[in-house]
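First up is the structure itself, then whatever we jot down about it.
Fair warning: this is a prediction, and the values are worked out from it, not measured in the lab. A note on names: the letters A, B, ... follow the listed sequences, proteins ahead of strands, and every chain is numbered from 1.
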Amino acid sequence: MKLDRTFYLNENVVQLAKTFIGKLLVTNFNGFITSGIITETEAYSNINDKACHANNHKKTNRNANMFLNGGHAYVYLCYGIHPLFNIVTNKENIPDAILIRAIKPYMGIEKMKERKNITNIEKKNIAEGPGNITKLLGITCNHNGIDLLKEQIWVEDIGFEYDKSKLSIGPRIGVDYAGEDALLPYRFKIENKEINL
DNA sequence: CGTACGATCTGCT
DNA sequence: GCAGATCGTACGA
């Protein structure tokens, strides 16, 4: 079932990032449904996290949607090419967000191949990397700020469980500029082979 | 206004 | 392993 608002209002974004592992991320654009089990997440926590776009109370046009109530999307363009998809959490005006870095494709795999422009070649790890999953799921910067309780993008708990001892925890990727905060263990990952539906 | 750069990916070496 | 792609945003002049 679709996660409700209270799930997203959790005040501990790091714990919540871990909880999103194993949940199903679904998009429904123009009647095409694609979805995947979330296999990798990163937490970005509020104003004291130097890796967070809202660190030091920074609020700009780009990151304004991080300040929305929990359960909205924060999508921004990275390196001029890749839309990155984040789930906003916590109460309004508290800029916590969870970056979705990888999924295991579940529904609409043919549509994903089409979006990725793949014909025959089955590439490994096609759904790993935050820029890849937005492409597969059809998420663009136009979806910045949309409500995850509505009908375009949402997250479901399908009752799937995995072996928690196989969850790996480590520092976030690509945030070297964040000084000591680059070392925080805010990244969570489960291998695809641990996902057996 | 000008400019430097990023929560990245791909393809080629 | 490394460079190139590619552009909105942030920030200083």
Partner nucleotide, any strand, of C:dT6 [Watson-Crick/G-U, under 3.5 Å]: none

Atom-to-atom span, CZ of A:R101 to C1' of B:dT8 - whole angstrom: 9 Å

Reference residue A:F20; test ring-ring contact (aromatic ring centres under 6.0 Å, His included); the match among A:F85, A:F7, A:F188: A:F7

Exceeds 12 heavy-atom contacts within 6.0 angstrom, atom NZ of A:K59: yes

Spacing between A:E40 atom CD and B:dT8 atom P, to the nearest angstrom: 10 Å

Residue A:F32 excluded, over 12 heavy atoms near CZ under 6.0 Å: no

Touch class at under 4.0 angstrom, heavy-atom based, for A:I81 against every strand present: base

Whole-Å distance separating the CD1 atom of A:I100 from the P atom of B:dT8: 14 Å

Aro-ring/base stack A:Y79-C:dA5, d under 5.5 Å, angle under 30°: no

Look for any protein N or O under 3.5 Å of an N or O in nucleotides 8-13 of chain C and output each such pair with its distance, or none.
{"unit_1": "C:dA10", "atom_1": "OP1", "unit_2": "A:T60", "atom_2": "OG1", "d": "2.0"}

Of the listed nucleotides B:dA7, C:dA5, B:dT8, the one nearest the side chain of A:Y177: B:dA7

Aromatic plane relationship, A:Y76 with A:H53 - under 30° parallel, 30 to 60° tilted, over 60° perpendicular: perpendicular

Nucleotide B:dC9, atom P - distance to CG of A:N132 in whole Å: 5 Å

B:dA7 phosphate, OP1 or OP2, under 4.0 Å from A:R187 side-chain N/O: no

Nearest-0.5 Å distance, CE of residue A:M112 to CD1 of residue A:I133: 9.5 Å

For atom CE of A:M66 and atom P of B:dA7, their distance in whole Å: 11 Å

A:L99 CG to B:dG6 P, straight-line distance once rounded to whole Å: 16 Å

Spacing of A:N30 atom CG and A:Q152 atom CD [to the nearest 0.5 Å]: 8.5 Å

Base partner of B:dA7, which must satisfy Watson-Crick or wobble distances under 3.5 Å: none

Nearest-Å distance for atom pair NZ/C1', residues A:K135 and B:dT10: 10 Å

Test item: A:N56 side-chain N/O and A:K58 main-chain N/O as donor-acceptor pair under 3.5 Å: no

A:Y76, nearest nucleotide to its side chain (from B:dA7, B:dT8, B:dC9): B:dA7

Interatomic distance where NZ belongs to A:K50 and P belongs to B:dA7 [whole Å]: 15 Å

Presence of A:H53 side-chain N/O under 4.0 Å of B:dA7 phosphate oxygens OP1/OP2: yes

Inter-nucleotide P distance (B:dC5, C:dA3), Å rounded: 16 Å

